[in-house]
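Report on the following structure.
Atom set for the values below is all heavy atoms of this structure, side chains included, hydrogens, waters and symmetry mates excluded. Given the structure is predicted, the values throughout are model-derived calculations rather than measurements. Below, chains carry the letters A, B, ... as their sequence lines are ordered, and counting in each starts from 1.
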Amino acid sequence: MSTVTSDFLRVVSERGFLHQCTDIEALDKRLLEGPASAYIGFDCTADSLHVGSLLPIMLLRWWQKTGNKPVVLMGGATTRIGDPTGRDDSRKMLSDDDIARNMAGIQKVFGKYLAFGDGATDAVMVNNADWLNGLNYIDFLRDYGVHFTINRMLTFDSVKLRLEREQPMTFLEFNYMILQGYDFAELWARHKIVLQMGGSDQWGNIVNGVELGRRVHQAQLFGLTSPLLTTSSGAKMGKSANGAIWLNEEKLSNWEFWQYWRNTEDADVGRFLRLFTELPLDEIARLEALQGAEINDAKKVLAGEVTRLARGEAAAAEAAETARKTFEEGALAENLPTVEVPMAELEAGIPAFALFVRAGLAASNGEARRLIQQGGGKVNDSPVKDAQAPLSLADLKDGVVKLTAGKKRHVLVKAV
RNA sequence: GGAGGGGUGGCCGAGCGGUCAAUGGCAGCAGACUGUAAAUCUGCCGGUGUACACCUACGUUGGUUCGAAUCCAACCCCCUCCA
């Protein structure tokens with residue numbers, strides 16, 4: 001990596017955000033000349049982003065912090081097509097209602113990471129439906145279609161892989177890359193945006209936009225990608241026992257979010273601290289150097305910082321305190337996930353296995369029985385011996401029963 | 001349009017008339033060891049009833065058979081080659 005002098009490129013290269021850049025020297029030079037605008041596109045395929053999108057979001061945050069203007073592009077129109085990148089099969093088509101709902105959910109998270117407004121470096125949000133939905137097919141083909149050759153498009157990974165695996169790719173999906181390229185050219189024309197960032201899988205799509213901008217507008221545009229993140233043991237980021245690690249609070253509790261980061265593998269701690277927190281690098285170096293059980297302190301810092309950014313100061317403190325009580329004191333912490341059960345049912349007695357199912361700790365009665373048989377089910381911290389044994393009011397402590405599955409999953413059952 | 005191959009549990013992939021809820025691998029869950037880590041070892045891994053049982057499931061619909069994921073027919077979908 002050549003030495004870069006602009007604040008933004010220096011920070012992101014030191015912290016490990018950089019994977020590829022179309023022309024890093026020229027971009028560096030451009031950034032030294034003054035504030036610039038950059039965007040990242042987000043598809044509206046779910047009603048919340050998950051931690052897989054956190055890397056691009058942090059890129060935009062640093063972009064703003066180093067004096068530039070971030071633009072968040074919502075793929076209102078491109079989501080109607082479906083990005084074929086990295087997919088063996090077509091996505092299922094989303095209805096316009098779904099897309100609108102998803103967009104509303106996704107938008108919520110950006111306010112936590114970016115400062116929006118009308119100022120020079122304030123973030124703005126745009127929707128590509130504004131210019132894509134109204135496109136005239138023939139005009140578009142004449143103005144932009146001429147700049148794309150099929151020969152070239154067939155060499156892109158997103159297309160090539162699908163063909164090699166003998167999976168069908170529809171013409172609809174085939175157009176995705178053209179529209180994403182067009183987005184960049186259009187954003188240059190509308191907002192003078194010079195840089196598009198994204199995950200490394202977006203490289204091909206981004207390069208298309210850079211080239212289109214040069215051909216249509218004679219503009220020098222830049223592309224920059226971040227590495228695709230996997231954990232040290234090779235798993236994709238963002239999956240847990242219960243599914244994806246969502247950024248939105250309605251989709252995943254603060255406690256579970258905090259726990260995800262707390263359970264980071266040793267080998268990933270330093271890398272994640274650099275990417276997902278804003279701690280100074282020398283502080284990270286110190287935390288990263290911790291050995292043995294002490295590295296748990298670094299994990300707590302990681303969990304605290306990431307949760308603070310995504311969910312707020314109070315949420316982070318509360319999760320940390322809940323974890324401390326639960327794991328270090330073995331005490332009953334009131335902020336664990338809670339499930340309510342009518343008092344009358346509890347009075348009548350609910351078999352232990354059934355309660356585990358009610359609490360969401362087992363997917364079926366059979367699974368709950370197995371859990372208990374294997375010694376993984378605990379009530380108020382003592383192992384359940386008999387799955388049939390009913391729990392009743394006598395098991396309540398301060399109005400709640402604490403259920404535990406395995407070592408880490410705790411739920412409070414509250415009688416109401 | 002013609003010829004051939006194929007559609008099996010979350011994924012991959014065996015099975016090709018009963019002993020098949022279906023080998024194996026991955027993923028997942030639990031236990032042991034640890035540090036709420038990794039690696040390793042052990043157990044579990046469709047549903048309901050705590051066993052024997054029953055229900056649902058091998059693309060769809062029918063059929064043959066005492067009995068079908070396995071055989072037959074039609075249909076749907078995918079792939080390859082030829083035109």
### Query
Okay, side chain of A:D7, backbone of A:G67: is any donor-acceptor separation there less than 3.5 Å?
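Here the side-chain-to-backbone pair does not exist.
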
### Residue A:D398 excluded, over 12 heavy atoms near CG under 6.0 Å
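Counting other residues, nucleotides and ligands, CG of A:D398 stays at 12 neighbours or fewer.
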
### Task
Check whether more than 12 heavy atoms from other residues, nucleotides or ligands sit under 6.0 Å from atom NZ of A:K251, and answer yes or no.
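Yes - once you tally the heavy atoms of other residues, nucleotides and ligands closer than 6.0 Å, there are more than 12.
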
### Task
Could you check which residues of residues 278-294 of chain A get a heavy atom under 4.0 Å from RNA chain B? Sort them by number, please.
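When residues 278-294 of chain A is checked for heavy atoms under 4.0 Å from RNA chain B, the hits, listed by number, are A:G292, A:A293.
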
### Between A:H147 and A:Y182, ring centroids under 6.0 Å
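When the ring centroids of A:H147 and A:Y182 are compared, they turn out to be at least 6.0 Å apart.
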
For [N] and [M], measure between their [atom1] atoms and round to the nearest Å.
{"N": "B:G63", "M": "B:C29", "atom1": "P", "answer": "44 Å"}
{"N": "B:C12", "M": "B:G7", "atom1": "P", "answer": "12 Å"}
{"N": "B:A73", "M": "B:A57", "atom1": "P", "answer": "24 Å"}
{"N": "B:G24", "M": "B:A38", "atom1": "C1'", "answer": "26 Å"}
{"N": "B:U34", "M": "B:G18", "atom1": "P", "answer": "49 Å"}
{"N": "B:G59", "M": "B:C54", "atom1": "C1'", "answer": "26 Å"}
{"N": "B:A14", "M": "B:C66", "atom1": "C1'", "answer": "28 Å"}
{"N": "B:A21", "M": "B:G47", "atom1": "C1'", "answer": "11 Å"}

### Query
For the base of B:G43, is there a side-chain donor-acceptor partner from A:Q374 under 3.5 Å away?
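Between B:G43 and A:Q374, which were checked side chain against base, a qualifying N/O pair under 3.5 Å is present.
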
### Task
Look at the side chain of A:D266 and the base of B:G35, then say whether one donor and one acceptor between them are separated by less than 3.5 Å.
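Flag set: donor-acceptor pair detected.
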
Among [options], which nucleotide sits nearest the side chain of [X]?
{"X": "A:K407", "options": "B:U36, B:U50, B:U34", "result": "B:U34"}
{"X": "A:I295", "options": "B:G35, B:A38, B:U50", "result": "B:G35"}
{"X": "A:Q388", "options": "B:U36, B:C29, B:U50", "result": "B:U50"}
{"X": "A:R370", "options": "B:A37, B:C45, B:U34", "result": "B:C45"}
{"X": "A:K299", "options": "B:U36, B:U50, B:A37", "result": "B:A37"}
{"X": "A:N263", "options": "B:A37, B:U36, B:U48", "result": "B:U36"}

Can you tell me the distance, in whole Å, between the [atom1] atom of [X] and the [atom2] atom of [N]?
{"X": "A:F327", "N": "B:U34", "atom1": "CZ", "atom2": "C1'", "value": "15 Å"}
{"X": "A:R409", "N": "B:G28", "atom1": "CZ", "atom2": "C1'", "value": "10 Å"}
{"X": "A:D297", "N": "B:A37", "atom1": "CG", "atom2": "P", "value": "15 Å"}
{"X": "A:R369", "N": "B:G47", "atom1": "CZ", "atom2": "C1'", "value": "11 Å"}
{"X": "A:R324", "N": "B:U36", "atom1": "CZ", "atom2": "P", "value": "15 Å"}
{"X": "A:D268", "N": "B:A37", "atom1": "CG", "atom2": "C1'", "value": "10 Å"}

NZ/NE/NH1/NH2 to OD/OE distance under 4.0 Å, [X] and [Y]:
{"X": "A:R101", "Y": "A:D98", "value": "yes"}
{"X": "A:E249", "Y": "A:K108", "value": "no"}
{"X": "A:R214", "Y": "A:E211", "value": "no"}
{"X": "A:E367", "Y": "A:R370", "value": "no"}

### Task
Scan A:E367 against the nucleic acid and name what it touches under 4.0 Å (heavy atoms): base, sugar-phosphate only, or nothing.
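Answer is nothing: A:E367 stays at 4.0 Å or more from every strand.
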
### Message
Base, sugar-phosphate or nothing for A:T264? Non-hydrogen atoms, less than 4.0 Å.
### Response
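Touches sugar-phosphate only.
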
### Query
Should A:S364 be listed as having a side-chain N or O under 4.0 Å from OP1 or OP2 of B:G47?
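So the side-chain polar atoms of A:S364 do come within 4.0 Å of the phosphate oxygens OP1 or OP2 of B:G47, strictly under.
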
### Query
Reckon A:K408 has a side-chain N or O less than 4.0 Å from the OP1 or OP2 of B:A37?
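Checking A:K408 against B:A37: at least one side-chain N or O falls below 4.0 Å of OP1 or OP2.
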
### Task
Applying side chain to side chain contact (heavy atoms under 4.5 Å, CB included), name anything that partners A:T149, two or more places apart in sequence or on another chain.
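Side chain to side chain contact (heavy atoms under 4.5 Å, CB included) check on A:T149 returns A:N151, A:R152.
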
### Message
Between A:A323 and A:K378, which residue's closest nucleotide on RNA chain B lies nearer the 5′ terminus?
### Response
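Nearest nucleotide further toward 5': that of A:K378.
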
### Task
For A:N365 and for A:A405, find the nucleotide of RNA chain B with the closest heavy atom, then tell me which residue's nucleotide is more 5'.
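The residue closer to the strand's 5' end, by nearest nucleotide, is A:A405.
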
### Task
Would you sketch RNA chain B in dot-bracket for me? Only Watson-Crick or G-U wobble pairs with both distances under 3.5 Å count, crossing pairs as [ ], other-strand pairs as |, the rest as dots.
((((((((.[[[..)..(.....]]].(((((.......))))).(((....)))...[[[[[..)....]]]]]))))))).

### Message
Measuring only between side-chain heavy atoms, which start at C-beta, is A:Q196 closer than 4.5 Å to A:L187?
### Response
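No, their side chains stay 4.5 Å or more apart.
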
### Query
With a 4.5 Å heavy-atom cut-off, do A:V11 and A:F17 have their side chains touching?
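No, their side chains stay 4.5 Å or more apart.
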
